[in-house]
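These notes concern the structure reproduced below.
Numbering of ligands and ligand atoms starts at 1, following listing order.
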Amino acid sequence: MKKPISILMSLIFMCVAFVPDALAGTFRKNTVVMGTALEMTIDTAGEEAAETVFSSVEREMKRIEGQMSEWIEGSPLTEVNRAAGVRPVKVPGELFNVISAAMKVSELSGGAFDITWASMRGLWDFRAGHERLPSPEEVKKRLALVDYRDVVMDASSSTVFLKRKGMAIGLGAIAKGYAVDKAMEAVIASGVTNAIIKAGGDIRVQGVGRAGEAGWDVGIQDPRDRGRLMARLTLSNASISTSGDYERFFMKDGRLYHHIMDPKTGYPATGTRSVTVIGPDTMTTDALSTAIFVLGPQKGMELAKKLPGIELMIIDNMGVVTASGGMELRR
Ligand code: ADP
Ligand code: MG
């Protein structure tokens with residue numbers, strides 16, 4: 001079961017790779033949306049038709065970003081954050097639903113997933129050249145503002161209220177997954193039945209890949225050896241999300257600090273190196289991959305087992321790989 005640490009050190013570069021054969025009429029486009037690399041692969045009649053579909057995907061993702069980004073001035077989410085401790089803010093139904101879904105994942109994970117982590121915003125900076133490690137005092141003070149139970153949701157008025165001044169919500173661990181789901185809806189609405197949308201570590205596969213097959217042949221790549229797959233599955237109409245400590249991080253005094261925070265400590269979660277979750281929709285897999293990253297292998301696996309249709313592969317901080325029954329591990 002156990003793998004040597006030395007080998008698995010390199011797994012921090014893990015990413016998810018797809019291995020479908022080239023299909024006649026398969027078109028691909030790479031671009032950047034929501035600050036993330038977006039890769040779209042669709043099976044369609046011709047280049048012109050493909051371009052139309054690609055544009056509808058980009059439009060849809062930008063629309064969602066405009067609602068759910070905490071950085072776009074005037075977005076409904078920035079209004080919620082600005083009114084923290086003052087008043088409830090009426091938000092569009094989609095934003096209300098995504099925040100509600102985030103609350104459910106918080107409850108399921110006992111607070112390991114918490115969108116009010118953003119109350120600590122500014123303390124940490126992971127951008128190259130801007131690295132910032134906060135003092136323990138700063139962390140302690142701001143951590144007092146992190147608590148999803150202080151987010152008051154009112155479905156009848158579609159309002160969100162952050163109870164305390166200084167609190168903030170950040171949807172970085174769930175909105176991209178939601179956007180991928182909506183993007184795939186746009187693809188399907190245009191009549192395409194075979195498609196993959198990959199936005200960073202969040203992926204949706206639609207259809208079966210090749211005619212007559214049971215689904216897309218999906219591999220989770222070993223970064224140490226690009227030709228080697230750690231796990232493989234056949235997926236149809238499913239979502240895959242990966243959260244890793246290698247996405248955004250800096251090193252200081254020999255320690256790695258990364259962007260997935262443990263809301264209990266205010267510091268990056270320490271038990272996990274990488275998590276891949278497979279499930280029925282991308283909003284769920286996106287949020288769960290972050291939640292399980294924070295929970296660590298044992299509690300993470302317990303949670304995954306309770307949830308129908310969820311498969312999980314997790315690499316702990318020692319490089320030990322554990323997977324749920326539905327994943328075929330390649331050793
Ligand atoms: P990525 O952004 O690389 O896809 P994730 O989906 O795991 O990775 O989301 C990580 C992001 O989620 C962080 O950059 C931050 O915006 C936010 N975040 C960090 N810690 C938490 C947490 N404990 N709960 C909810 N969101 C978090
Ligand atoms: Mg996530």
Side-chain angles (χ1 to χ4, degrees), residues 12-16 32-39 61 65 68-71 77 81 98-99 101-127 139 142-143 145-149 151 167-181 197-204 239-250 257-279 281-296 299-300 303 310 312 314-315:
I12 60 171
F13 299 110
M14 188 173 106
C15 65
V16 177
V32 175
V33 175
M34 298 177 93
T36 316
L38 172 69
E39 188 180 306
M61 293 186 80
E65 184 182 27
M68 306 194 185
S69 164
E70 66 254 53
W71 301 116
L77 188 62
N81 287 342
V98 169
I99 297 176
M103 292 295 128
K104 288 211 182 79
V105 178
S106 292
E107 278 158 25
L108 279 172
S109 64
F113 185 87
D114 193 329
I115 54 175
T116 69
W117 74 273
S119 311
M120 300 189 58
R121 185 132 276 162
L123 289 195
W124 296 89
D125 201 334
F126 301 99
R127 291 171 303 162
V139 170
R142 289 286 198 89
L143 193 56
L145 292 168
V146 176
D147 193 339
Y148 69 96
R149 289 165 297 193
V151 179
M167 277 183 79
I169 283 176
L171 297 176
I174 188 166
K176 186 149 50 76
Y178 177 74
V180 167
D181 286 333
I197 294 178
K198 179 177 191 292
D202 298 303
I203 303 156
R204 176 83 193 162
S239 299
I240 313 161
S241 293
T242 299
S243 288
D245 64 8
Y246 48 85
E247 289 291 339
R248 256 177 291 150
F249 69 93
F250 61 79
Y257 296 93
H258 62 81
H259 70 135
I260 303 175
M261 295 291 150
D262 184 341
K264 297 221 159 40
T265 63
Y267 283 85
T270 54
T272 314
R273 197 168 287 168
S274 171
V275 173
T276 298
V277 174
I278 296 169
D281 67 86
T282 328
M283 178 171 73
T284 302
T285 55
D286 188 9
L288 278 181
S289 68
T290 307
I292 290 171
F293 189 103
V294 175
L295 284 174
K299 286 186 178 162
L303 174 58
I310 298 293
L312 168 66
I314 183 161
I315 305 174

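No side-chain heavy atom of L145 sits less than 4.5 Å from a side-chain heavy atom of T116.
The structure places CE of M34 at 6.0 Å from CE of M61, a figure rounded to the nearest 0.5 Å.
Each of V294, I174, I260 was compared with F113 under the side chain to side chain contact (heavy atoms under 4.5 Å, CB included) criterion, and only I174 meets it.
Annotation: ligand 1 has protein neighbours A112, F113, D114, W117, G172, A173, K176, S243, E247, R248, H259, I260, M261, P263, D286, T290, V294, each with a heavy atom less than 4.0 angstrom from the ligand.
No hydrogens or angles considered: nothing links the side chains of D286 and S241 as a donor-acceptor pair under 3.5 Å. Side-chain contact of T282 with S239: a donor-acceptor pair under 3.5 Å is present, judged by distance alone.
With ring centers used as reference points, W124 lies under 6.0 Å from Y267.
Between the OG1 atom of T290 and the O atom of D286, the angle centred on the Mg ion (ligand 2) amounts to 90° when rounded to 10°.
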